[in-house]
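Quick note: numbers below take in every heavy atom, side chains included, and nothing from hydrogens, waters or symmetry partners.
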Amino acid sequence: MANLNDPITILRGIGPTKAKQFAQLNIFTLRDLMCHFPRGYEDRSRLVTIDKLEPDHPACFKAMVMNQPRTSHVRKGLDITKVQVADCTARLNLTFFNQRFTTEQLEYGKEYIFYGAVSGDFIGYSMTSPVFEALDAPPVTTRRVLPIYPLTAGLSNASVLKAVQQALAICDPPEEILPPELRQQYHILPAERAYTAIHAPASMEEAEMAKRRLIFEEFFVFSAGLCLMRATRSERHTAPYENTDLRPFHASLPFSLTGAQERVIGEILADFRRGIPMNRLVQGDVGSGKTMVAAAAAYCAVQNSHQAALMAPTEILAEQHYQSLSRLFAPLGVRTGLLTGSMKEKDKKAIRSSIAEGQIDFVIGTHALLSDSTTFHDLGLVITDEQHRFGVAQRARLSAKGSDPHLLVMSATPIPRTLALIMYGDLEVSILDELPPGRQGVDTFLVNESYRPRLNAFIRRQVEEGHQCFVVCPAVEESESMNVKSAELWAETLRTAVFPNLRVSLLHGQMKGSDKEQIMSAFAAGQADILVATTVIEVGVDVPNATLMVIEDADRFGLSQLHQLRGRVGRGSAKSYCVLTSHNRNPETIQRLKAFCKTNDGFRIAEEDLKLRGPGDFFGSRQSGLPVFRVADLCCDLSILKEAQQASAQWIDNFGTADTPESKALRIRIAQLFQRSEGTLN
């Protein structure tokens, strides 16, 4: 028998070239091959008679060859082979293109099993290039439920199927990780049967049973890993905070906190009193007041003689936090500092010295906080803003600068609860679902190119009233293949042809970091009227004077991304607007964008985005927080997810310390999963 970790090159027909093709699918070993699951199935197990064949509905039928197949050479590169077949109900003409071998394989007077779809009209039906097998041959492509695999260039479904069948014949399936008690309780197939049936099901029902087992298994491994992490964290201890009186903090605020902010702050204070390091996610829509929640947590940490650190993804965001929070904290006696990469070395050295000596209570910074030269006197609370911009390793490096500090991660990207359950399964989740009084909704409109003159006039009027405008384009440079507005070309067009008397600036992700910071700072300071940008402006930039967001070719963005962009306006007292432009006439696309225009509720938008695009595309390529599920679908398999989470909790209680083969195999799988998807350990 072969080993699961053996390379696929031990299989017949897989040499260096084929192995490179399989590598494109991340298939290197027999285990990888067995875990390359079908994306669907074709039920070719049921035979029909020729008279029951329906146009455009592929089916299997048994028929006899009624004449000798004949091949005609039509032109260079095109041979046509024709043959007639029949059963007791009807005759059917078959045509094969460039398949001269059929003249040798189809024998006159012999019966075969064919699979294909008829086409035609009132004159008569025919079939083009059906697959076929001799009646006495083993069923490979007919008379069975055929798995359909994800493919890549050079690999056919038949070649993948052949490789999988070889692997199943010479190798045991992956080891069992589910205890018999759990399998029985949740009606789950054993591993050996499931891994065989997913690739070679006897029926569609068995394929569904196998798929359910493997979905359950994926969710179970992930959930069990999170359970173990929670158990490990609960074993760590830190001194409970004794001073949790926030009355001085509340008294210093020029406004009242919302009920949601009060609730979330209460949850954080309860964590502080427990004596176990906090691990909490605070997520809320744009403008829901996460910064004040973080400020309350930092104030409490400082009142208990600890330092707090807030890490922001960009320098301008760190500077904005510093400006607002240092003003808030100065009367309260909280010493605040700023540390960013672009500061002069002399200033950075002085700040780091103050942090190390405990002369700064609350430090706000960027990745500069992570450097080895930044040390803390007594770091008790770590806060990360726009948490999806930071990997686990970065957050862990900051946490390692203290002794089991509390961790508070904040996200302005509304995440559906179902997705948060997976992404942040080892965090406590707090939701800010209420906007502060006075925070306005942004009126949103969808227009096509015919509205361009009116849109330009509206932009000019906003600027004349003393406001500023964002214009977001989906691409940096012009591209014939994309057929969308590029930031560079559109900025030049607006600057020279449309608004020659206005100040138009350009910002995109390919610029140097220092240039981006300078352009954004200048716009925030009112030194430009219009900022043409890509989605680089999506995160946390606060320009209260900006009242209009124009998003060109809006159909190219996900709903959640559109919502984040819209959140850049409506931050001041003036009425704000968002205008989506699109020349896409697809009815579903128009319906999606119109639905977006009707609501400012980020969580509703996020749920809709998840349904439309699935979790893999939900955050785009920058999001590393999602585990890679091979068969599980976060949109469709929620009931199985809940069962798996329940089962994993039972496993921790009953089998977590057991020395059974299943428990050993499960621990290995958990380690492999989190090693492969570091970003899942939020």
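A side-chain donor from one of Thr244 and Arg273 sits under 3.5 Å from a side-chain acceptor of the other. For the 3.5 Å distance criterion, the side chains of Ser353 and Glu357 qualify, holding a donor opposite an acceptor. Side-chain polar atoms of Glu315 and Thr366 form no donor-acceptor pair below 3.5 angstrom. In summary, the side chains of Ser582 and Asp555 do present a donor paired with an acceptor at a separation below 3.5 Å, with no hydrogens or angles considered. Side-chain contact, Asp361 with Gln307: no donor N or O sits under 3.5 Å from an acceptor N or O.
A donor-acceptor contact shorter than 3.5 Å is absent between the side chain of Glu428 and the backbone of Asn279. Judged by distance alone, the side chain of Asn304 and the main-chain N or O of Asn243 form a donor-acceptor pair under 3.5 Å. Of the possible donor and acceptor atoms, one in the side chain of Glu434 sits under 3.5 Å from a partner among the backbone N and O of Ala260. Counting only distance, with no hydrogens or angles, the side chain of Gln261 and the backbone of Gly289 share a donor-acceptor pair below 3.5 Å. Judged by distance alone, with hydrogens and angles left aside, the side-chain atoms of Ser505 form no donor-acceptor pair with the main-chain N or O of Ile519 at under 3.5 Å. Checking side-chain atoms of Lys348 against main-chain N and O of Gly341 turns up a donor-acceptor pair under 3.5 Å. Using modelled atom types, one side-chain atom of Arg335 and one backbone atom of Gly358 make a donor-acceptor pair closer than 3.5 Å. For the pair Ser324 (side chain) and Gln320 (backbone), a donor-acceptor distance under 3.5 Å is present.
Leu559 CG to Arg604 CZ: the interatomic distance, rounded to the nearest 0.5 Å, is 11.5 Å. Atom NE2 of His406 is separated from atom CG of Leu379 by 10.5 Å, given to the nearest 0.5 angstrom. Once rounded to the nearest 0.5 Å, the distance linking CZ of Arg280 with CG of Leu408 reads 8.5 Å. In this structure, Thr444 OG1 and Asn600 CG are separated by 5.5 Å, a value rounded to the nearest 0.5 Å. To the nearest 0.5 Å, the span separating CG on Leu407 from CE on Met278 amounts to 7.0 Å. In this structure, CD1 on Ile351 lies 7.0 Å from CG on Leu339, to the nearest 0.5 angstrom.
Under the side-chain contact (heavy atoms from CB on, under 4.5 Å) criterion, Ser403 pairs with no residue at all, not counting sequence neighbours. Not counting sequence neighbours, the partners of Lys575 by the salt bridge (Lys or Arg N to Asp or Glu O under 4.0 Å) test are Asp443. In terms of the salt bridge (Lys or Arg N to Asp or Glu O under 4.0 Å) criterion, Glu262 has no residue partners (sequence neighbours excluded). Here Arg454 pairs with nothing under the salt bridge (Lys or Arg N to Asp or Glu O under 4.0 Å) rule; sequence neighbours left out. Annotation: side-chain contact (heavy atoms from CB on, under 4.5 Å) contacts of Ala491 (sequence neighbours excluded): Arg495, Leu506, Val532.
Ring-centre distance between Tyr451 and Phe445: not below the 6.0 Å cut-off.
The shortest side-chain heavy-atom distance between Met520 and Leu507 falls under the 4.5 Å cut-off. Residues Cys597 and Leu580 have side chains in contact (heavy-atom distance under 4.5 Å, counting atoms from C-beta outward).
Checked for salt-bridge contact, Arg263 and Asp433 meet the test: a charged N lies under 4.0 Å from a carboxylate O. Salt bridge annotation for Asp553-Lys485: absent, with no cationic side-chain nitrogen under 4.0 angstrom from a carboxylate oxygen.
Crowding of Glu465 atom CD: a count of heavy atoms from other residues, nucleotides or ligands under 6.0 Å exceeding 12. The 12-atom threshold is not exceeded at CG of Asp372, counting heavy atoms of other residues, nucleotides or ligands nearer than 6.0 Å.
Both tests hold for Arg566 against Phe596: distance to the six-membered ring centre under 6.0 Å, angle to the ring axis within 45°.
Evaluation of the ring-ring contact (aromatic ring centres under 6.0 Å, His included) test over residues 300-349, restricted to residues two or more places apart or in two chains, returns Tyr241-His306, Phe329-Phe362.
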